[in-house]
Asks: 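Next up is a structure, given as structure tokens.
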Amino acid sequence: MSAHKLDQHDLAIVRLLQEDAGQPQREIARRVNLSAPAVQRRIARMQKEGVIRQTVAIVDQAAVGFPITVLVDVTLTDDRSATVSAIKAFFRDAPEVQQCYCVTGTAGFILILLVPSMEDYEQRTARLLADNELVRSYRTVVVLDRVKTGTGVPL
């Protein structure tokens with residue numbers, strides 16, 4: 001995917017949307033020195049082009065019952081394309097997997113899971129990993145403190 005042609009106004013709009021997508025477009029327009037209709041057109045164009053993929057609410061995971069973050073590196077039984085495709089689909093469809101990365105190195109995948117308790121994680125581990133015939137091994141790292149998390153792209 002090639003980079004889109006974004007001018008300084010587009011980049012400023014995206015920066016502001018990354019900070020708070022709920023702010024009024026008239027406020028964004030004021031801050032980037034454009035009219036509100038111009039900002040609206042630019043946002044619509046960037047959405048159509050896929051620069052802005054979606055607008056979401058970032059939820060405090062502990063406030064909704066998922067205080068524990070777990071990182072898991074997963075090694076597959078083999079690196080055949082059918083195995084990799086199957087495990088990608090499996091992890092993509094698993095609601096407890098917040099993020100999934102196919103990576104280089106010894107682990108084939110890195111998963112980020114949000115869980116309400118370690119007992120719950122143990123149950124999910126059995127289904128996702130221990131009883132999964134495509135998984136050779138996995139290693140768990142429990143996050144003690146989320147020092148920095150974010151979704152923004154450094155523009």
Asks: Can you confirm whether more than 12 heavy atoms, excluding those of Leu155, are under 6.0 Å from its CG atom?
Replies: yes
Asks: Should Cys102 and Lys88 be marked as a side chain to side chain contact (heavy atoms under 4.5 Å, CB included) after you check the CA-CA gap, both sets of side-chain angles, and the distance that decides it?
Replies: CA-CA 8 Å; Cys102 184; Lys88 281 181 179 180; 4.2 Å; yes
Asks: Restricting to non-hydrogen atoms, name the atom on Val32 and the atom on His9 that form the minimum distance, rounded to 0.1 Å.
Replies: O-CD2, 3.2 Å
Asks: Should we count CG of Asn33 as having more than 12 external heavy atoms under 6.0 Å?
Replies: no
Asks: Using a strict threshold of under 4.0 Å (side-chain N to carboxylate O), is an ion pair present between Lys5 and Asp10?
Replies: no
Asks: A side-chain contact here means heavy atoms from C-beta on lying under 4.5 Å apart; do Ile13 and Ile43 qualify?
Replies: yes
Asks: Group every Ile, Leu, Val, Met, Phe, Trp and Tyr by side-chain heavy-atom contacts under 4.5 Å, then state whether Leu34 and Ile52 land in the same group.
Replies: yes
Asks: I would like to know whether Tyr121 and Thr140 meet side-chain hydrogen bond (donor to acceptor under 3.5 Å, both in side chains); could you show each step before the answer?
Replies: CA-CA 10 Å; Tyr121 174 69; Thr140 300; 2.6 Å; yes
Asks: Do Glu122 and Val115 touch side chain to side chain, with heavy atoms closer than 4.5 Å?
Replies: no
Asks: Go through the steps to decide whether Tyr101 and Phe109 satisfy the test side chain to side chain contact (heavy atoms under 4.5 Å, CB included), and finish with yes or no.
Replies: CA-CA 5 Å; Tyr101 300 93; Phe109 287 84; over 6 Å; no
Asks: Begin from the C-alpha positions of Leu6 and Met46 and carry the test side chain to side chain contact (heavy atoms under 4.5 Å, CB included) through to its verdict.
Replies: CA-CA 9 Å; Leu6 302 177; Met46 289 187 284; 4.0 Å; yes
Asks: Hey, quick one: are Leu16 and Val51 part of the same hydrophobic cluster, counting side-chain heavy atoms closer than 4.5 Å, chains of contacts allowed?
Replies: yes
Asks: Could you tell me the separation between the CD1 atom of Ile28 and the CZ atom of Arg26, rounded to the nearest 0.5 Å?
Replies: 10.5 Å
Asks: Side-chain heavy atoms under 4.5 angstrom apart, residues restricted to Ile, Leu, Val, Met, Phe, Trp, Tyr: same cluster for Phe66 and Leu128?
Replies: no
Asks: Are the side chain of Gln18 and the backbone of Val153 linked by a donor-acceptor contact shorter than 3.5 Å?
Replies: yes
Asks: Should Val142 and Leu111 be regarded as members of a common hydrophobic cluster, given that ILVMFWY residues are connected when their side-chain heavy atoms come within less than 4.5 Å of each other, either directly or indirectly?
Replies: yes
Asks: For Ile87, run the side-chain contact (heavy atoms from CB on, under 4.5 Å) check against Thr77, Val74, Asn132 and tell me which one passes.
Replies: Asn132
Asks: Do Arg31 and Glu27 make a side-chain contact, defined as non-hydrogen atoms from C-beta onward lying under 4.5 Å apart?
Replies: yes
Asks: Is there a donor in the side chain of Thr69 and an acceptor in the side chain of Gln61, or the other way round, less than 3.5 Å apart?
Replies: yes
Asks: At their closest point, which heavy atom of Arg127 faces which heavy atom of Ala94, and how far apart are they?
Replies: NH2-CB, 4.4 Å
Asks: If you compare all heavy atoms of Gly65 against all heavy atoms of Pro116, which two are closest, and at what distance to 0.1 Å?
Replies: O-CB, 3.1 Å
Asks: What are the two closest heavy atoms between Arg139 and Val141, and how far apart are they?
Replies: NH1-CG2, 3.6 Å
Asks: Taking all heavy atoms of Leu134 and all of Ala86, pick out the closest pair and write down the distance.
Replies: CD1-CB, 3.7 Å
Asks: Give me the atom names and distance for the closest heavy-atom approach of Pro67 to Arg146.
Replies: O-NH1, 3.7 Å
Asks: Step through the shown structure and confirm whether more than 12 heavy atoms of other residues, nucleotides or ligands are within 6.0 Å of CZ on Arg45.
Replies: yes
Asks: Given the rule that I, L, V, M, F, W and Y join up when any side-chain heavy atoms are under 4.5 Å apart, are Ile112 and Phe91 in one cluster?
Replies: no
Asks: Tell me whether the count of non-hydrogen atoms from other residues, nucleotides or ligands lying under 6.0 Å of CD in Glu19 goes above 12.
Replies: yes
Asks: Looking at CZ of Arg124 and CD of Glu96, how far apart are the two atoms once the value is rounded to the nearest 0.5 Å?
Replies: 5.0 Å
Asks: Evaluate the side chain to side chain contact (heavy atoms under 4.5 Å, CB included) criterion for residues Ile68 and Leu114: first the C-alpha distance (whole Å), next the side-chain angles of each, then the deciding distance (0.1 Å), finally the verdict.
Replies: CA-CA 6 Å; Ile68 301 170; Leu114 305 179; over 6 Å; no
Asks: Give, for atom CD of Gln23 and atom CZ of Arg30, the distance between the pair rounded to the nearest 0.5 Å.
Replies: 9.5 Å
Asks: Can any side-chain N or O of Asp93 pair as donor or acceptor with the backbone N or O of Phe90 at less than 3.5 Å?
Replies: no
Asks: Roughly how far, to the nearest 0.5 Å, is the CG atom of Leu129 from the OG atom of Ser137?
Replies: 10.0 Å
Asks: Do side-chain atoms of Thr83 reach the backbone of Asp79 as a donor and acceptor pair under 3.5 angstrom?
Replies: no
